[in-house]
Structures are given as structure tokens and as C-alpha cells.
Amino acid sequence: MIYLVTGGSGFIGSHLIERLLRNGHSVINVDNFDDFYNYQTKIKNTLESIDKISDFEFTDKETDIRHLATISQSDRYQMYYQDIRDKKGLETIFKNHKIDLIIHLAALAGVRPSIARPLEYEEVNVRGTMNLWELCKEFNINKFICASSSSVYGNNEKTPFSESDNVDHPISPYAATKKSGEILGHVYHNLYHIDMIQLRFFTVYGPRQRPDLAIHKFTKLISEGQEIPFYGDGNTARDYTYIDDIIDGITKSILYLETHSGVYEIINLGESEVVTLSEMLSTIETTLGISATKKNLPMQPGDVQKTNADITKAKALIGYKPDTDFQNGIKKFVEWFLRK
Ligand SMILES: NC(=O)c1ccc[n+]([C@@H]2O[C@H](COP(=O)([O-])OP(=O)(O)OC[C@H]3O[C@@H](n4cnc5c(N)ncnc54)[C@H](O)[C@@H]3O)[C@@H](O)[C@H]2O)c1
């Protein structure tokens, strides 16, 4: 099968590509190496995902990415340095390849920065996503997986969060763009018969985790002996999901789409284990063997109190079975962090 993965040089995308290539598939990676975090990290992600030894010499962004695109090409892997906001550019890729299924992960992620840059979030996460659907329509591609987010649940009080809950009250521009993606996706499914699964990921962590996310940030600051910013009273809680479980959920969704038609589904992918901020910090401290120095700060606008996934639907529909508990997942993350 030929899969087009957008955002394939990011955290989740690079793991997905690694798995797809290992399973013998062909992959097209579309990524613009956005400056949300440094491009060198994304080059390393890409090299690891295609199993190339990293003897990369960095010079400047444009040269490096073009060099990466050249050295990474193979008969089963093509990388395009391409922005999804540029529909004409995307069109060339769709003309060059016979794509069986798209897994769309490219986005401006992150809740807090979306408050400062809402228009850019809308351009990438909504318009960029619509560009892909417009091209699906034009090139008759009718299998599509889209990354949504637990943030669409906002501060819903009923937990665990279920796909049938009302999600009309997002509290950040990021969450609103993800909810828009779900709604517009349904329109394309309905009008153009694109079989689609929208996956609501719950805080994903593990090797290559984005540097802006709390687990990675805390681990880095603690190991450097620096103070960590600690927002709120420590009782905010997250359903943290280990990267391998997320990749299993995506590959099971691919299989479901390939064997069914007339599909439009929204599916939670979480671990179903709730960990408070204080528990998360103490797990990292114990695993690193270092105590943190905290700088207590008020809760940040846009941050939700708690996330907790009801994964009954994922288990029943696609056979999702997450099996990495938080202690174990943090151990694997810290081992990776100390090795890199
Ligand atoms: N990591 C999480 O905890 C989490 C939780 C919920 C949802 N998600 C969603 O999962 C997806 C992947 O997240 P991630 O954590 O791997 O993020 P990431 O930032 O590591 O990966 C996103 C990738 O998309 C690329 N990208 C950004 N804008 C682009 C554009 N205009 N054109 C082409 N490529 C572009 C980036 O360069 C990056 O490589 C995102 O859609 C995100 O919203 C992630």
C-alpha cells in the first residue's frame, strides 16, 4: 500500500512512518519543517524513522532539508518539503503518486501558542486540511485518517470523555481548529464519500516527544538542574498515552478503513489512566533520581483541568488495546532522553 503521511517528520508522524516502513509499505512524507520547534530535531526524527545512521552535518535550514530530501529517497520512501497551505504544491505530489490512504498529522499543535497565533492555527489546521480533502476529491482518494485531539472536550465535567459527549465548548483556538476539522471532515465524507476516521489523541508521550510538552520540558529542566514552571496546584490531570499505543491505534484504524466502506468515525485514543501533574512530576523525579525545584505559577488560559478517555469504542471497533502504563512509559522516555 502507498500511504501519504502529513507531518511525518514530527513526533507522532516519524513513529508512524517507522512502523509503516517496517511493515513493508510505501510512504510519502509531506512536512514543511515548521518552526514550532527546531528543524534539526525533525531531521533527526526523519533519519531515525527511515533507519538511516545519523551522520548529518547541519549548515542552514533550507540546504539541510533539501539535502535530507535527497538522501532519504528510496523506492519505498519519498519526502516532500511542502507546506499544506500551498494547494498547488500539494497537487504536484498527488499527480506524481497513486495514493491509497492519507494519514493527516501535520498541524500547528500546542494549546498555549494558539492563543497568541489564532489566525495561523486556522490557516494550517483548517485551510491546510481542507486543501487535502479538495485534492482527495480531485484525485479520487477515499480513505483518510485525521488527527484530532482530546482538547475538543474543553472543560467538560463528565468523565471519562466519550465520543458521544457534547464538544461545543472548546477553550482554546487550537481545540476549536480540531473540532472544525471533525465537522468539515464529515461534510467531505457526506458529499464525496471519503471514508474517514478522526482520532482524538490524549496527551501523547514517549521517545521524540515534542520539546514543548510538559514531560519532555520537565525532564530536560530537572536534569539540567534548572527550575521547572509548575502551573496550578498540581491537581490538573491528564490521560497520558504512550506513543507505541497511539501507533497501534493508528495502524488498527488503517486496517479498519481498508476493510470497511461508508465510514465516518470519531475515536478516542487514550490510555484510560489519569495522572495528576504532581504525580507526573514525582514519577519523573523518581525515574531520574533527582528532585525538582518548582516555580509555582497560576493555571494558564486555555489549559483544561482534566482529560480522561473512555476507550470503549476504540476497543470494540478497531481492537485497540493500550498496554504501557505510566511508570513504564516514563522509564522508556527517560532512557531515550538520557541516551540522545
Ligand atoms: N502530541 C500530542 O500529545 C497530541 C495530542 C492530540 C493531538 N495531537 C495531534 O497529532 C498531530 C501530530 O502531533 P505531534 O505531537 O507529532 O506534533 P509535531 O509538531 O511533532 O508534528 C507535526 C508536524 O507537522 C508539520 N507541519 C506543521 N505545519 C505544517 C504545514 N503548514 N505544512 C506541512 N507540515 C506542517 C511540522 O513540521 C511537524 O513535523 C497534530 O495534528 C496534533 O495536533 C497531538
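Numbers here are sequence positions counted from 1. Indexing begins at 1, ligand by ligand and atom by atom, following the structure's order. Hydrogens, waters and symmetry mates are skipped; everything else that's a heavy atom, side chains included, is used.
Annotation: A106 places no N or O atom under 3.5 Å from an N or O atom of ligand 1; distance criterion only. Residue A109 has no nitrogen or oxygen atom sitting less than 3.5 Å from a nitrogen or oxygen atom of ligand 1, judged on distance alone. Ligand 1 has a nitrogen or oxygen under 3.5 angstrom from a nitrogen or oxygen of G10. Considering backbone and side-chain atoms together, T203 places no N or O closer than 3.5 Å to any N or O of ligand 1. Among the atoms of Y174, some N or O lies under 3.5 angstrom from an N or O of ligand 1. Considering both main-chain and side-chain atoms, F36 never comes within under 3.5 Å of ligand 1 through any nitrogen or oxygen pair.
The salt bridge (charged side-chain N to carboxylate O under 4.0 Å, His left out) analysis of residues 320-329, with sequence neighbours excluded, yields no pairs.
Under the 4.0 angstrom criterion for non-hydrogen atoms, S9 is in contact with ligand 1. Contact annotation: Y37 has at least one heavy atom less than 4.0 Å from an atom of ligand 1. Proximity of Q82 to ligand 1 is established by a heavy-atom distance of less than 4.0 Å.
Without hydrogens or angle criteria, Y3 side chain to I254 main chain gives no donor-acceptor distance under 3.5 Å.
Counting heavy atoms under 4.0 Å from ligand 1, residue F202 does not touch it at all. Only the backbone of S148 comes within 4.0 Å of ligand 1, counting heavy atoms alone; no side-chain atom from C-beta on gets that close. Here R200 has no heavy atoms under 4.0 Å from ligand 1, in either its backbone or its side chain.
Applying the ring-ring contact (aromatic ring centres under 6.0 Å, His included) test to H193 and every residue at least two apart in sequence or in another chain returns nothing.
Counting heavy atoms from C-beta outward, F36 and P113 have side chains that approach closer than 4.5 Å.
Less than 4.0 angstrom separates some heavy atom of V124 from each of these atoms of ligand 1: 28 (N), 31 (N). Of all atoms in ligand 1, listed by their number and element, those nearer than 4.0 Å to a heavy atom of V204 are 1 (N), 2 (C), 3 (O).
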- Item | salt bridge (charged side-chain N to carboxylate O under 4.0 Å, His left out) between K158 and D165, intermediate numbers included | CA-CA 9 Å; K158 175 197 150 281; D165 295 345; 2.8 Å; yes
- Message: Before you tell me yes or no, could you show the steps for Y256 and E265 under side-chain hydrogen bond (donor to acceptor under 3.5 Å, both in side chains), namely the whole-Å CA-CA distance, both residues' side-chain angles and the distance that decides it to 0.1 Å?
- Response: CA-CA 11 Å; Y256 186 85; E265 298 289 351; 4.7 Å; no
